[in-house]
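I have placed the structure first, in the form of structure tokens, so that the comments after it can refer back to it.
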Amino acid sequence: MAEPVEKSTLSHQRVVSAWVFLAPMLAVLAVVAVYPLVRTIYFGFTDASIDFPGQAQWIGFRNYLEYLDFGDGTGEFYGLLADPDWWRAVWNTLRFTFFSVLFETIFGMVIALVLNTQFPGRALVRAAVLIPWAIPTIVSAKMWAWMMHDQFGILNDILMKLHIIAEPVAWTANPDTALLAVLIVDIWKTTPFMALLILAGLQMVPKDMYEAAKLDGIHPVRVFRKVTLPLIMPAVLVAIVFRALDALRVFDIVYVLTPNNPNTATMSVFARENLFDFDQFAYGSAASTLLFLIIALLTIGFIRATRMNLGGDR
């Protein structure tokens, strides 16, 4: 009867040790993440200004939705939930997230499959593939902004020499191509991140399974569908979740490439503009709170829909 007691004591000691080691990290997170989040949520229910946040007065849900009665039997809704600019920013963010994650997953899968094969110079190619991801986002955005310049950009020059376009295109200024330009830059930069995570999943697939399939004469496409894809799907789903979280709160690429452009303004850009540029601190805090809620709900929904096991339990 002594053995279960010893195991219980050992387990308790391990739990206590784990909490002791986690305590500093949790304390830092509480200071740099939890406290600012709580304050932002609070400011969303006040009339706070950026100059005097300490003088904020509680106004309830007026920043989110308020009905103003004109006194003649008519009225109008005001607030974030009735703001067409906010809903356009939500739509822009969701479009950007869907297409960027979709193409980055496809291209990342292709690159990972290539890098998982044996060929001369594979180590050098692996290092070269990571260069776009290693370049700071601001640097990438400014570099592509010059490449997409309607007068001096190399992109227009190449497309015109190939007779794909007849005249230069203002990629970042044209409403029809602004979002496409942002997507091109983001896909170019972040595809290596997806490839790296998917490649890690491919490295875990037992090699003897491929050898057995090759001896049985199974077509490589069928091997990928029936063997490789199911085995690396957990890694792919984790990569998609991480990338979707990053895409939903995208700010830097949009702000650098297409500043003050409502056709590409995302939820983060909308919140930042109201917080600082338009001097609507409380309104911007409400937008930041909704951004947090939208990301949290979409993430939870995706995890439940894909039945991801984040706890590692079998």
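Just so you know, these numbers come straight off a predicted model, no measurement behind them. These numbers come from the heavy atoms of this one structure, side chains and all, not from hydrogens, waters or symmetry mates. Throughout, residue positions are numbered sequentially from 1 according to the sequence presented.
- For the atom pair CD1 of Ile41 and OG1 of Thr289, the computed distance is 5.0 Å after rounding to the nearest 0.5 Å.
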Evaluate side chain to side chain contact (heavy atoms under 4.5 Å, CB included) for Asn116 paired with Leu199, printing each intermediate quantity in order. CA-CA 7 Å; Asn116 195 45; Leu199 180 60; 3.9 Å; yes

Go through the steps to decide whether Met204 and Leu231 satisfy the test side chain to side chain contact (heavy atoms under 4.5 Å, CB included), and finish with yes or no. CA-CA 9 Å; Met204 301 299 294; Leu231 291 176; over 6 Å; no

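- Both Met233 and Met194 sit in one connected hydrophobic cluster of ILVMFWY residues. Membership requires side-chain heavy atoms under 4.5 Å apart, directly or through other members.
- Taking 4.5 Å as the limit, every side-chain heavy atom of Leu196 sits out of range of all side-chain heavy atoms of Arg126.
- Phe21 CZ: 12 or fewer foreign heavy atoms inside a 6.0 Å radius.
- In this structure the side chain of Met109 reaches within 4.5 angstrom of the side chain of Ile232, judged on heavy atoms.
- Residues Leu80 and Leu65 form no side-chain contact, since every pair of their non-hydrogen atoms from C-beta on lies 4.5 Å or further apart.
- Counting heavy atoms from C-beta outward, Val34 and Arg39 have side chains that stay 4.5 Å or more apart.
- Placement of Val223 and Ile198 within a single hydrophobic cluster is found when ILVMFWY residues are connected by side-chain heavy-atom separations under 4.5 Å, directly or transitively.
- Heavy atoms of other residues, nucleotides or ligands lying less than 6.0 angstrom from NZ of Lys161 number 12 at most.
- Taking a 6.0 Å sphere around CZ of Phe251, one finds it holds more than 12 heavy atoms contributed by other residues, nucleotides or ligands.
- With hydrophobic clusters built from ILVMFWY side chains whose heavy atoms lie under 4.5 angstrom apart, Tyr64 shares a cluster with Ile295.
- Residue Glu76 qualifies as enclosed at atom CD: its count of foreign heavy atoms under 6.0 Å is above 12.
- Taking the six-membered ring where tryptophan is involved, the planes of Phe43 and Phe281 are perpendicular, since the angle between them exceeds 60° and thus also 30°.
- Side-chain atoms of Thr93 and Thr266 include no donor-acceptor pair closer than 3.5 Å.
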Any chance you could lay out the salt bridge (charged side-chain N to carboxylate O under 4.0 Å, His left out) test for Lys189 and Asp252, step after step, and finish with the verdict? CA-CA 13 Å; Lys189 175 174 175 55; Asp252 38 15; over 6 Å; no

Val182 and Phe96: side chain to side chain contact (heavy atoms under 4.5 Å, CB included), yes or no, with the steps? CA-CA 8 Å; Val182 175; Phe96 171 84; 3.7 Å; yes

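- Leu229 approaches Arg225 most closely through the heavy-atom pair CB-O, 4.1 Å.
- Counted within 6.0 Å of CD1 on Ile154, heavy atoms from surrounding residues, nucleotides or ligands total 12 or fewer; the atom is thus considered open.
- Taking the six-membered ring where the residue is Trp, the centroids of Trp144 and Trp188 are separated by under 6.0 Å.
- Phe103 CZ: 12 or fewer foreign heavy atoms inside a 6.0 Å radius.
- A search for ring-ring contact (aromatic ring centres under 6.0 Å, His included) contacts involving Phe61 returns Phe45, not counting sequence neighbours.
- In this structure, a donor-acceptor pair under 3.5 Å is absent between the side chains of Asp83 and Tyr78.
- Side-chain contact between Tyr255 and Arg272 is present, with heavy atoms from C-beta onward closer than 4.5 Å.
- Side-chain polar atoms of Asp47 and Trp58 form no donor-acceptor pair below 3.5 angstrom.
- The shortest side-chain heavy-atom distance between Glu104 and Phe193 does not fall under the 4.5 Å cut-off.
- Atom OH of Tyr35 has 12 or fewer heavy atoms from other residues, nucleotides or ligands within 6.0 Å.
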Just do the salt bridge (charged side-chain N to carboxylate O under 4.0 Å, His left out) check on Arg88 and Asp85 with the steps written out, would you? CA-CA 5 Å; Arg88 179 166 51 186; Asp85 292 335; 2.9 Å; yes

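- Annotation for Phe292: atom CZ does not count as buried by contact number, only 12 or fewer foreign heavy atoms lying within 6.0 Å.
- Proximity of Glu273 to Asn260: side-chain heavy atoms (C-beta onward) are separated by under 4.5 Å at one or more points.
- Residues Pro168 and Met160 are in side-chain contact: their nearest non-hydrogen atoms beyond the backbone lie under 4.5 Å apart.
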